[in-house]
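Every chain is numbered from 1 and lettered A, B, ... according to where its sequence line falls, protein lines coming before strand lines. The figures here come from the full heavy-atom set of this structure, side chains too, leaving out hydrogens, waters and symmetry mates.
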2 protein chains.
Amino acid sequence: MGSDNATIYDIASEAGVSIATVSRVLRGEANVSPATREKVRQAIERRNYRPSSIARGLTSKTTHSLGIILPKLLNPHYAMIFTGAQEEARTHGYTMSLFPWASLDTDAYNPAAMLIERRLDGLIVCVEYLPPDHDELVHDALKTLRRFMPVVLIGCIPPWYDFPSVANDNAAMTRKTVAYLTGMGHDRIAFIGGVQEDTDPRRRDVGYQQGLRDARLPYTASYRVFCKGTAEAGKQAMDDMLQSLKPCYWPTAVIALNDLVAMGCLLSARERGIDVPGQLSVIGCDDLFCAPYLSPPLTSINTHQQRTGARAVQLLISGEQKRETVDWELIERASCAPNREAAPT
Amino acid sequence: MGSDNATIYDIASEAGVSIATVSRVLRGEANVSPATREKVRQAIERRNYRPSSIARGLTSKTTHSLGIILPKLLNPHYAMIFTGAQEEARTHGYTMSLFPWASLDTDAYNPAAMLIERRLDGLIVCVEYLPPDHDELVHDALKTLRRFMPVVLIGCIPPWYDFPSVANDNAAMTRKTVAYLTGMGHDRIAFIGGVQEDTDPRRRDVGYQQGLRDARLPYTASYRVFCKGTAEAGKQAMDDMLQSLKPCYWPTAVIALNDLVAMGCLLSARERGIDVPGQLSVIGCDDLFCAPYLSPPLTSINTHQQRTGARAVQLLISGEQKRETVDWELIERASCAPNREAAPT
DNA sequence: GCTTATAATGAAAGCGCTTACACAAAAAAG
DNA sequence: CTTTTTTGTGTAAGCGCTTTCATTATAAGC
């Protein structure tokens, strides 16, 4: 009953066998006679015994536990990644623990220590857009960690990071998004979000410019506004852009870094009485759960984040050293419409 | 350099001391001479040594890892709880792992085994509204788990569950919410969400009815609609209610189980051209990050979910057996307004 | 029936720590 | 200076498993 902490010894003596035999039954090894197996099974049942994964880990050098580092779980984008990763991990018998981004900071009292001491079997790191000065630091931290455990990256990974990874092809994605809008007759297309100083050729910015070029549209610096990936920042950035331009130069469409930024844009537009999608189309990214409930419902790109998380776990477990790309899907809702004032050139 | 897996023996020999001494330095014990301590420190530094929490756990019978069981991380409500819990855990040197709700199902291939085998130092379980038939099962599962590790509950806990817990006083909260609305002259107040068959006297339903009684308003069954706590369900429930009533009987205000349901209500209203808050006030609960960006911005109750998660961790660590209540805060936004058609009685 | 291959089991040595306990060296007390 | 404390270190016994290796019981081969 209350034998909540029986050990393998207890089971062995209760079943009248050696601990080696119990261990064999536990791990389903073949060479145990059916009779013995049954005896052991019953003893286990009777004592409600569960082997300690701790002790097991000491011997086997494997903990069956994975870690994930995220910037912010409150952002549903990351919650989706986590969910996908956690579920996949679980189906393989792994546990998933969350570590804050600060775990990478090698300053202070080396918090990465916590990661290493845990002897994780693998670590997923979700990398956000990084300012260049931070870039090197993070890279170093990752390289250190890799000496202790396999690491798989998710997100916006600078190409010179030599790590297995799972990500969307942001450049291609944004390029096609621009094409989608130009196809609707939009010619003043803004892009809001991201960091300015950046050298990664696979970023959204690049796709944005490619998209403009594809449509032979000019690149207008005023339409390229940088901000963090939050709703507040998006609101602010949109406010700033609109305020800085005469209304006749306002964009006819806005591509937001993500849905949070898009939400900020929508609010900014609403406050100014700009009709979406009548006067302005808005398109987000990540297809958050709230996208269909915004006003108007937000067109967004479903980046298959759960699948991304799941694939990262698979890479971790299989040890494959691939850099993988996850596809995406444009979810059309009411926030995008053909440009009414499209001038027949 | 590559000595990524030095053991305490390596450090001992490198520093020319015994492993006991290394252990002492590691744990900051007092009785080590400064000279020795320094020698050991340097050896540790040189070999980049981090003690294995696994081995440590075997001896100390403590893993410094906690678990949390949530219905769904994609619901930001739970993401906030998780975040609060994780951060608090971290400050105490604990790791936090996520387990899906299914971990409690004692059917199937007893998944709770995973929890037990991990030898967690504690477990937080977020309990949702449970249908009565499920209630007993969950209770049993929890009681089983408690034999193996401390358990703290969060959320809607039936009062006969004898577990330490952290929760809002839902009844009082909803009662005051009704008062807030009646104070604005609303007299047809609907409540959407939750499960029907329920006997817990501390639920929102109860507060809702108390609130009506306080204002001497009739309890109108048609205004009490049950649905799950999702946006889709909220939309459907609102649609059904509105459709089943002549517009002149439509509620003037609706209290939603949570912000997701409220989002569904807002959408339903929008589709029907019902002006919020002109004709209908809507009030949610949880104050999700998107609440300010809805149209209109949603009045909601901030239930201090991060603090709830943090408190749960504190109870777990301290071993206190309290049932705690977390306070809350009404965040007023544009979705609620005085009832225009308030009849001067 | 006796030898050899095969299957079933146990004894024992770790895995990398913590923690009595023992013991030597240094400090305080007489 | 001894004697008693105090302080600093080392030895060794676990913690609860896995795993090699040796050993015994059983089946197969001739």
Check: Quick one: do the A:T63 and A:S65 side chains pair a donor with an acceptor below 3.5 Å?
Finding: yes
Is any side-chain N or O of A:K61 closer than 4.0 Å to OP1 or OP2 of C:dG16?
yes
Assert: residue with more 5' nearest nucleotide on DNA chain D, out of B:S33 and A:L58, is B:S33
For C:dG10, does OP1 or OP2 lie under 4.0 Å from any side-chain N or O of A:S18?
yes
Separation of D:dC17 atom P from A:I44 atom CD1, nearest Å, is 10 Å
Contacts under 3.5 angstrom, residues 19-26 of chain B side chains, donor-acceptor by atom type, not counting sequence neighbours:
{"from": "B:T21", "atom 1": "OG1", "to": "B:S18", "atom 2": "OG", "distance (Å)": "3.4"}
{"from": "B:S23", "atom 1": "OG", "to": "B:R27", "atom 2": "NE", "distance (Å)": "3.3"}
{"from": "B:S23", "atom 1": "OG", "to": "B:R27", "atom 2": "NH2", "distance (Å)": "3.1"}

Check: B:Y9 side chain, C:dC15 base, donor-acceptor under 3.5 Å
no
Q | Donor-acceptor under 3.5 Å (B:R50 side chain, A:A112 main chain) | A | no
Where do N or O atoms of nucleotides 19-22 of chain C meet protein N or O atoms at under 3.5 Å, pair by pair?
{"from": "C:dT19", "atom 1": "OP2", "to": "B:R27", "atom 2": "NH1", "distance (Å)": "3.1"}

| Are any of the side-chain heavy atoms of A:R147 and B:N48 separated by less than 4.5 Å? | yes
Atom CD of A:E117 and atom P of C:dC17 are separated, to the nearest Å, by 10 Å
Closest to the side chain of A:T7, out of D:dG10, D:dC17, C:dC15, is D:dC17
field: Side-chain N or O of B:T21 closer than 4.0 Å to phosphate OP1/OP2 of D:dG10
entry: yes
Exactly one candidate in B:Q305, B:K72, B:E128 meets side chain to side chain donor-acceptor pair (under 3.5 Å) with B:H77; the answer is B:Q305
note: A:K39, atom NZ; C:dA8, atom P; distance rounded to Å ~ 14 Å
To the nearest angstrom, the CG-C1' distance between A:N31 and C:dT6 comes to 11 Å
A:R50 CZ to D:dC17 P, in whole Å, measures 12 Å
Check the angle between the aromatic planes of B:Y161 and B:H139 and answer parallel, tilted or perpendicular using the 30° and 60° thresholds.
parallel
Next on the checklist: Classify A:T36 by what it touches in the nucleic acid, base, sugar-phosphate, or nothing, heavy-atom distance under 4.0 Å.
Outcome noted: sugar-phosphate
- prompt: Has the side chain of A:Q306 got a donor or acceptor atom that lies under 3.5 Å from a matching backbone atom of A:H304?
  reply: no
Atom CD1 of A:I8 and atom P of D:dT19 are separated, to the nearest Å, by 11 Å
Per nearest nucleotide of DNA chain C, the residue lying toward the 5' end, A:A55 or A:P34, is A:P34
From CD1 of B:I11 across to C1' of D:dG10 the rounded distance in Å is 18 Å
When rounded to whole Å, the CG to P distance for the pair A:N5 and D:dG16 reads 8 Å
